Protein chains: 2
Amino acid sequence: MSNSKIISVLKDRGLKVTPQRIAVLDALYSTNEHPSAEKLIDIVRRNNPHIAKGTIYKILDFFIESGLVKKVHSAGDRMRYDAFTERHHHLYSLDTDRIEDYHDEELNAILEEYFKKRSIPHFRIEDIQLHIKGKFIE
Amino acid sequence: MSNSKIISVLKDRGLKVTPQRIAVLDALYSTNEHPSAEKLIDIVRRNNPHIAKGTIYKILDFFIESGLVKKVHSAGDRMRYDAFTERHHHLYSLDTDRIEDYHDEELNAILEEYFKKRSIPHFRIEDIQLHIKGKFIE
DNA sequence: GTCTTAAATAAGAACGAGTCTTATTTGAAA
DNA sequence: TTTCAAATAAGACTCGTTCTTATTTAAGAC
């Protein structure tokens with residue numbers, strides 16, 4: 001994604017634009033592998049070697065509050081991030097730390113239908129995601 | 001669950017029975033709050049103050065390999081564990097670290113049906129779990 | 001363009017959940 | 001009861017993440 005588009009993403013939401021935020025958002029949009037913070041720091045520093053580690057963690061938290069980024073639920077020991085905000089699901093490798101997107105409108109419709117007629121006592125649903133665990137075969 | 005039943009769980013699977021394993025399994029069966037390892041260590045040490053932290057982590061890994069326990073995918077900074085092995089789903093609080101079970105046969109059937117007719121290229125599914133995120137209201 | 005200031009960042013120390021190491025103990029088969 | 005591979009205790013260590021403090025900066029006001 002071009003820099004000017006990334007700037008628009010921030011500006012349109014009334015968020016302050018900084019070179020560091022642009023770099024982090026660019027790194028997130030440039031990959032679909034749901035990177036860990038450490039991986040993201042690597043990517044960011046290819047073009048911006050001076051950006052501080054703590055800054056990137058702080059920016060990630062800020063993006064999460066702002067709704068630009070979501071944490072990916074996982075069983076690993078490091079947090080994973082996802083900047084693809086449309087409703088989608090994930091495939092989890094049981095062998096490796098690979099996590100891929102799974103997107104299907106029919107599935108979304110089925111889930112929508114199911115939860116429309118069935119409310120959960122004492123719980124207000126805000127988001128639903130399927131975790132599909134298994135093995136990638138090449 | 002009684003001690004003799006817990007011993008049976010281990011014996012029936014051909015697993016070595018130790019006081020430490022009994023204590024950890026007992027702690028897991030005594031709560032449905034999907035405890036972190038640290039929380040579990042607290043529970044275990046109420047009755048067995050001498051059991052080492054590393055031992056409990058090692059036992060948890062062993063139980064996971066043995067299929068007695070599953071890791072719960074989460075966005076938090078600590079791993080959570082679940083000894084309820086029937087197919088079920090989870091409710092996640094967006095405010096707190098609360099995670100509750102959600103169990104419904106109709107939902108399982110719907111998912112079964114959906115994935116029966118739709119295979120995912122290059123992926124062999126082994127387990128499917130719904131993450132329902134939202135807010136608990138009292 | 002310049003000023004102003006709250007907010008953002010740099011640098012690295014600190015924290016803590018989870019892992020590793022080594023000596024000791026033990027479950028359970030023979 | 002003997003034997004020994006496996007399990008445990010104790011605590012040092014790792015490293016992903018957070019915190020602290022001084023410095024810099026984005027962007028609104030003038």
Side-chain angles (χ1 to χ4, degrees), chain A residues 3-4 6-27 34-45 47-66 68-69 71-81 97, chain B residues 3-4 6-27 34-45 47-66 68-69 71-81 97:
Chain A
N3 257 34
S4 60
I6 290 170
I7 290 170
S8 295
V9 170
L10 294 168
K11 276 233 170 89
D12 291 353
R13 300 184 179 230
L15 306 177
K16 192 183 274 191
V17 177
T18 71
Q20 293 84 350
R21 286 181 180 179
I22 294 169
V24 172
L25 212 43
D26 189 31
H34 314 86
S36 65
E38 293 290 323
K39 178 76 186 165
L40 211 51
I41 290 168
D42 282 350
I43 299 172
V44 166
R45 284 187 173 164
N47 297 315
N48 306 271
H50 47 79
I51 296 185
K53 189 173 59 164
T55 299
I56 295 178
Y57 278 102
K58 208 151 172 297
I59 287 174
L60 284 169
D61 285 347
F62 172 76
F63 283 167
I64 286 163
E65 271 179 56
S66 309
L68 284 175
V69 170
K71 286 186 175 183
V72 177
H73 281 203
S74 83
D77 51 353
R78 18 183 121 176
M79 193 50 50
R80 305 282 290 265
Y81 299 89
D97 62 1
Chain B
N3 257 35
S4 59
I6 290 169
I7 290 171
S8 297
V9 170
L10 293 167
K11 275 233 170 89
D12 292 354
R13 300 185 179 229
L15 307 176
K16 193 182 273 190
V17 177
T18 72
Q20 292 84 350
R21 287 180 180 179
I22 295 169
V24 172
L25 213 43
D26 189 32
H34 313 85
S36 65
E38 291 292 320
K39 178 76 187 167
L40 211 50
I41 290 169
D42 283 350
I43 298 172
V44 165
R45 285 187 173 163
N47 298 315
N48 306 272
H50 47 79
I51 296 184
K53 185 175 63 163
T55 300
I56 295 178
Y57 278 102
K58 208 150 170 296
I59 287 174
L60 284 170
D61 285 346
F62 172 77
F63 283 167
I64 286 163
E65 271 179 56
S66 309
L68 285 174
V69 170
K71 286 186 175 183
V72 177
H73 281 202
S74 83
D77 52 352
R78 18 184 121 178
M79 193 48 52
R80 305 282 290 264
Y81 299 89
D97 62 1

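Naming: A, B, ... by sequence-line order, numbering from 1 per chain. What you see is a predicted model, and the numbers here were worked out from it, not measured in a lab.
Looking at which nucleotide of DNA chain C each of P19(B) and E38(B) is closest to, the 5′-most match is held by E38(B).
Counting only distance, with no hydrogens or angles, the side chain of R21(A) and the backbone of I59(A) share no donor-acceptor pair below 3.5 Å. Side-chain atoms of R80(A) come within 3.5 Å of backbone atoms of H34(A) as a donor-acceptor pair (strictly under, hydrogens ignored).
The CD1 atom of I41(A) sits 13.0 Å away from atom CG of N48(A), with the distance rounded to the nearest 0.5 Å. Rounding to the nearest 0.5 angstrom, the gap separating the CG atom in L60(B) from the CD atom in E65(B) is 12.0 Å. The distance from the CG atom of L25(A) to the CD1 atom of I6(A) is 5.5 Å, given to the nearest 0.5 Å.
For the pair I64(B) CD1 and dG18(C) P, the computed distance is 11 Å after rounding to whole Å. Here the C1' atom of nucleotide dT18(D) and the CG atom of D77(B) are 10 Å apart, to the nearest Å. The distance from atom CD1 of I22(A) to atom C1' of dA8(C) is 13 Å, rounded to the nearest whole Å. Straight-line distance from the CE atom of M79(B) to the P atom of dG16(C): 19 Å, rounded to whole Å. Between F62(A) atom CZ and dA8(C) atom C1' there is a gap of 10 Å when expressed in whole angstrom units. Whole-Å rounding puts the D42(A) CG to dG16(D) P distance at 10 Å. Taking atom NZ of K58(A) as the reference point, atom P of dT17(D) lies 17 Å away to the nearest angstrom.
Applying a 4.0 Å cut-off to non-hydrogen atoms, the residues of residues 7-18 of chain A that approach DNA chain C are K16(A), T18(A), listed by residue number.
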Stepwise side chain to side chain contact (heavy atoms under 4.5 Å, CB included) check, F63(B) with V24(B): CA-CA 10 Å; F63(B) 283 167; V24(B) 172; 3.9 Å; yes
Using a cut-off of under 3.5 Å, enumerate the N/O to N/O pairs linking the protein to nucleotides 10-12 of chain C.
| from | atom 1 | to | atom 2 | distance (Å) |
| --- | --- | --- | --- | --- |
| dA10(C) | OP1 | Q20(A) | NE2 | 3.3 |
| dA10(C) | OP2 | A52(A) | N | 2.9 |
| dA10(C) | OP2 | T55(A) | OG1 | 2.9 |

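Contacts of Y57(A) classified as side-chain hydrogen bond (donor to acceptor under 3.5 Å, both in side chains), with partners at least two apart in sequence or in another chain: E38(A).
Note on Y57(A): a side-chain N or O is less than 4.0 Å away from OP1 or OP2 of dT17(D). Of the side-chain N and O atoms in R78(A), none sit less than 4.0 angstrom from OP1 or OP2 of dT17(D).
Put simply, the side chain of R45(B) does not reach to within 4.5 Å of the side chain of H50(B), judged on heavy atoms.
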